[in-house]
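First comes the structure, then the notes that go with it.
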Amino acid sequence: MASDQDEFLRATMGATDLVFNLSRRMTDSRQDAEDLVQETFLRAFRAWMDLRRPKRVEPWLATICLNLARSRFRTRARRPSEVPLEEWMVEPRPTADPESRAIEGIRREELYRAMHELPEEQRVAITLVDLSGLSTFEAADAMGTPRGTVLSRLHRGRRALARLLGDRIEEDIR
Amino acid sequence: MTRWTRRWLRRRPHDPERNAAEYVSGELSKRATRWFETHLLHCEDCWREVLLGRLGRRVAEEAREQAPAGLRDRVRAAVQFTSEGGPAGPPLGS
C-alpha cells in the first residue's frame with residue numbers, strides 16, 4: 001500500500017514546472033525561486049498530512065506558492081534593476097546553432113525584463129493562465145480576486161507584453 | 001439578432017478587454033465564440049484587443065521554463081526528510 005508521502009509525491013510532482021514558473025516570477029533570483037518551490041511543496045505536504053487534500057493540485061499549489069511568496073520572499077526581494085540579467089536567462093537549447101542561440105538569448109533577455117517590469121498582479125495572472133494552463137476561474141481562486149479582475153489583469157499584461165516585444169518577434173519571424 | 005444574443009448582450013455590456021481575454025484564453029462557450037467571431041468582423045476595438053491579446057499570450061508562452069531536474073530530487077528529499085520526522089526539510093539553498 002502506498003504511503004501518504006508516496007501518494008503526495010505522485011499527486012503533486014507533475015506540477016513542479018507550474019510552481020517553478022510561478023516562483024521565478026515572484027522572486028528575483030534562481031536560488032530564491034528554488035527555495036520557494038521547496039517551501040511550497042513542504043507546506044503542501046504538511047496540509048496533505050492534515051488531510052486537507054484538494055480536488056485539483058495545480059490551483060492549490062499555486063495558492064500556497066503565492067501566499068508564501070507574498071509573506072516571506074517579498075521582504076527580501078531586491079529591486080529588478082539590481083538583478084543580474086544572466087540569472088533570468090535560461091540555458092540555451094543544446095541543439096540550436098550559435099546564431100539561433102544568440103537570437104534566442106536576446107529575446108529571452110528582453111522577455112524576462114519585460115515580464116519583470118509588469119505590475120505583480122498582471123505578472124501573476126499571466127503566469128497562472130498562459131504559462132501554467134490554469135483557467136481564469138482557477139487563477140481567480142488562487143489570487144483571491146474576482147474572475148473579472150483576473151481577466152482584466154491578464155489582458156492588460158498581455159497587451160503590455162505585445163507592445164513591448166511585438167516588433168521584435170515579428171522581425172524574427174520574417 | 002437572436003433572443004440568445006440579446007440576452008447575452010444584456011448580461012454583458014460591450015467590453016473589448018474582457019471579451020478579448022476570454023476569447024484568447026479559449027473560455028467562451030461555443031455559442032458565444034460564434035457570436036464573438038461575427039462581432040469581430042465589424043468591431044475595430046475588439047479586433048485590436050484580440051490581436052494584442054494573442055500576441056501577448058504568445059510572447060508570455062515563450063517564457064515558460066522547465067524546472068531543473070535537480071530541483072525535483074531536492075523536493076522529493078525534503079518531503080521524505082520531513083515525513084521521517086525531520087524538522088522542516090533540509091536547509092534552504094542546499
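Protein chains get the first letters and strands the later ones, always in sequence-line order, with residue 1 at the start of each.
- When hydrophobic clusters are built by joining Ile, Leu, Val, Met, Phe, Trp and Tyr residues whose side-chain heavy atoms come closer than 4.5 Å, directly or via intermediates, B:L52 is not grouped with B:L28.
- Here the shortest heavy-atom pairing between B:T82 and A:L42 reads OG1-CD2, 3.2 Å.
- Paired with B:S25 under the rule side-chain contact (heavy atoms from CB on, under 4.5 Å), one option of A:V129, A:V150, A:L134 passes, and it is A:V129.
- In the hydrophobic cluster analysis, where Ile, Leu, Val, Met, Phe, Trp and Tyr join through side-chain heavy atoms closer than 4.5 angstrom, A:M49 is grouped together with A:L61.
- Using a 4.5 Å cut-off between heavy atoms, A:L131 contacts chain B through both its backbone and its side chain.
- Across every non-hydrogen atom of B:L71 and A:F20, the tightest pair is CD2-CD1, 3.7 Å.
- At least one side-chain heavy atom of A:D35 sits less than 4.5 Å from a side-chain heavy atom of B:R74.
- For the atom pair A:H155 NE2 and B:R57 CZ, the distance stands at 13.0 Å (nearest 0.5 Å).
- When all heavy atoms of A:L151 and B:A21 are compared, the pair lying nearest together is O-CB, 3.5 Å.
- Salt bridge annotation for A:D17-B:R72: present, with a cationic side-chain nitrogen under 4.0 angstrom from a carboxylate oxygen.
- Put simply, CD on B:E22 and CZ on A:R147 are 4.0 Å apart, with the number rounded to the nearest 0.5 Å.
- The two atoms that bring B:R18 and A:G148 nearest to each other are NH1-CA, 3.9 Å, heavy atoms only.
- Taking each heavy atom of B:G56 and A:A162 in turn, the nearest pair found is N-CB, 3.6 Å.
- When the side chains of ILVMFWY residues are joined at heavy-atom separations under 4.5 Å, either directly or via intervening members, B:L55 and A:M115 end up in a single hydrophobic cluster.
- Looking at every heavy atom in both residues, A:L161 comes nearest to B:A60 through CD1-CB, 3.9 Å.
- When atom types are taken as modelled, the side chain of B:E27 and the backbone of A:T136 share a donor-acceptor pair closer than 3.5 angstrom.
- Separation of atoms CD (B:E65) and CZ (A:R24) is listed at 4.0 Å; rounding is to 0.5 Å.
- Interatomic distance, A:F8 CZ to B:R76 CZ, rounded to the nearest 0.5 Å: 10.5 Å.
- The candidate with the highest count of non-hydrogen atom pairs below 4.5 Å against chain A, out of B:Q66, B:R54, B:E49, is B:E49.
- With respect to A:R158 and B:E17, no salt bridge is recorded, no charged nitrogen being found less than 4.0 Å from a carboxylate O.
- Residue A:D130 holds its CG atom at 13.0 Å from CZ of B:R58, rounded to the nearest 0.5 Å.
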